[in-house]
Amino acid sequence: MLAMKLDPDYSVPGLRYKREAGRLKGKLYTTFPRRFRSAGTNALKAGLLAFILLWMLLSIGDDPDSFIDALFIAIAIFLCSYPLFVVYDPGIRIKITKDALTVGWFRYDLSDVSSFYKITYHNKQDRMDAHCVGFRYGEREEEILVFNSSSVIEGIIPFLNRARECAEDYWRRR
């Protein structure tokens with residue numbers, strides 16, 4: 001008799017994660033087709049950073065054409081990094097532990113974090129443009145700026161809410 005064990009599928013589009021007892025650690029990322037726009041933004045940031053750093057380094061070395069050289073190299077970095085960012089989105093790091101929610105560089109006290117919800121952004125013609133995840137922290141509204149379609153965000157939000165509740169319950173019982 002042949003038997004196979006199937007692992008449950010907990011994949012959530014827009015979220016790569018590792019889950020342990022009372023802890024969630026992962027990254028929120030942009031899914032296709034929105035990734036083409038976010039890749040352009042990330043490539044532009046990489047090109048500008050490369051331009052500034054190269055211009056400073058070449059200026060220190062007394063290169064008379066440091067501005068032009070840095071500009072050409074930055075344009076090359078922009079053009080080469082765009083396909084790389086389309087394939088790989090660096091995402092925003094998220095971590096939920098017993099006492100804290102960490103989003104990127106920011107840390108929030110988990111007892112003051114409300115449940116997660118969807119925030120809709122509109123373009124200039126007042127059409128829905130994108131959606132991201134938001135939550136209330138005390139009196140402020142905080143946003144996790146990873147833009148996706150409505151269906152992706154609606155899949156991420158219940159998962160994050162369950163992870164937040166599980167972290168609180170797990171450590172409360174211990």
Side-chain angles (χ1 to χ4, degrees), residues 5-51 74-98 100-110 112-137 140-170:
K5 180 182 176 189
L6 295 174
D7 292 329
D9 183 22
Y10 293 119
S11 65
V12 178
L15 177 65
R16 262 175 281 171
Y17 66 93
K18 290 181 184 174
R19 188 168 38 182
E20 300 169 6
R23 174 180 290 179
L24 175 94
K25 186 178 181 181
K27 288 188 176 189
L28 287 167
Y29 63 93
T30 305
T31 58
F32 288 105
R34 299 244 183 250
R35 193 175 291 181
F36 292 109
R37 182 184 292 173
S38 69
T41 305
N42 289 333
L44 184 64
K45 288 177 188 175
L48 286 174
L49 182 64
F51 172 73
I75 290 171
I77 288 174
F78 170 75
L79 293 175
C80 293
S81 64
Y82 180 76
L84 177 74
F85 283 123
V86 168
V87 173
Y88 173 74
D89 183 20
I92 294 179
R93 181 176 52 98
I94 187 167
K95 184 177 177 183
I96 300 174
T97 60
K98 66 179 178 179
L101 165 69
T102 307
V103 179
W105 296 95
F106 301 105
R107 182 183 164 106
Y108 305 98
D109 185 19
L110 195 61
D112 294 330
V113 172
S114 72
S115 58
F116 296 96
Y117 53 88
K118 177 175 70 171
I119 297 175
T120 304
Y121 284 90
H122 298 277
N123 61 11
K124 293 177 184 174
Q125 291 82 24
D126 204 31
R127 293 186 187 144
M128 283 190 291
D129 189 33
H131 304 276
C132 73
V133 178
F135 61 94
R136 295 209 53 89
Y137 183 63
R140 295 186 321 230
E141 180 178 66
E142 300 289 334
E143 300 172 353
I144 304 174
L145 294 175
V146 175
F147 299 105
N148 280 311
S149 66
S150 178
S151 61
V152 171
I153 293 297
E154 288 171 358
I156 293 171
I157 288 172
F159 186 82
L160 290 177
N161 283 330
R162 284 193 305 270
R164 182 183 58 82
E165 292 166 4
C166 288
E168 289 175 345
D169 290 343
Y170 179 79

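These figures come from a predicted structure and were not determined experimentally.
With sequence neighbours excluded, the residues that form a ring pair (Phe, Tyr, Trp, His ring centres under 6.0 Å) with F116 are F135. Remark: F147 pairs with Y121 by the ring pair (Phe, Tyr, Trp, His ring centres under 6.0 Å) rule, at least two apart or across chains. Remark: Y88 engages no residue in a ring pair (Phe, Tyr, Trp, His ring centres under 6.0 Å) (not counting sequence neighbours). Every residue meeting the side-chain contact (heavy atoms from CB on, under 4.5 Å) condition with L44, not counting sequence neighbours, appears here in chain and number order: L48, F78. For A100, the side-chain contact (heavy atoms from CB on, under 4.5 Å) criterion is met by T97, R107, not counting sequence neighbours. Residues passing the salt bridge (Lys or Arg N to Asp or Glu O under 4.0 Å) test with R93: none are found, sequence neighbours excluded. The side-chain hydrogen bond (donor to acceptor under 3.5 Å, both in side chains) check on Y108 picks up E142, with sequence neighbours excluded. With sequence neighbours excluded, no residue forms a side-chain hydrogen bond (donor to acceptor under 3.5 Å, both in side chains) with D112. Remark: Y117 engages no residue in a ring pair (Phe, Tyr, Trp, His ring centres under 6.0 Å) (not counting sequence neighbours). For S149, the side-chain hydrogen bond (donor to acceptor under 3.5 Å, both in side chains) partners are S151, not counting sequence neighbours.
No donor-acceptor pair under 3.5 Å is formed between the side chain of D89 and the backbone N or O of L28.
Interatomic distance, K95 NZ to R23 CZ, rounded to the nearest 0.5 Å: 5.5 Å. Distance check, rounded to the nearest 0.5 Å: CD1 of I92 to SG of C132 gives 9.0 Å. Note that CZ of R164 and CG of L101 are 9.5 Å apart. Values are rounded to the nearest 0.5 Å. In this structure, the separation between OG1 on T31 and CG on L15 is 11.5 Å, given to the nearest 0.5 Å.
Nearest heavy atom pair, residue I77 against residue A50, reads CD1-CB, 3.5 Å. Of all the heavy atoms in G14 and V152, the pair that sits closest is CA-CG1, 4.2 Å. S150 approaches H131 most closely through the heavy-atom pair N-CD2, 3.3 Å. Minimum heavy-atom separation, F85 to A46: CE1-CB, 4.2 Å. Listed here is the closest heavy atom pair of F51 and A74: CB-CB, 3.5 Å.
Within the structure, the side-chain hydrogen bond (donor to acceptor under 3.5 Å, both in side chains) test picks out the following pairs touching residues 33-47 (sequence neighbours left out): R37-D129. Sorted by first and then second residue, the salt bridge (Lys or Arg N to Asp or Glu O under 4.0 Å) pairs involving residues 145-162 (not counting sequence neighbours) are K118-E154.
For the pair I119 and E141, the minimum side-chain heavy-atom distance is below 4.5 Å. When side chains are defined from C-beta on, I96 does not count as touching V113, because their heavy atoms never get closer than 4.5 Å. Contact annotation: the side chain of I94 approaches that of L160 to within less than 4.5 Å [non-hydrogen atoms, C-beta and beyond].
A donor atom on one side chain and an acceptor atom on the other are not found under 3.5 Å apart for S115 and N161.
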**OP:** Go through T102 and F106 one step at a time and tell me if the side-chain contact (heavy atoms from CB on, under 4.5 Å) criterion holds.
**Re:** CA-CA 6 Å; T102 307; F106 301 105; over 6 Å; no
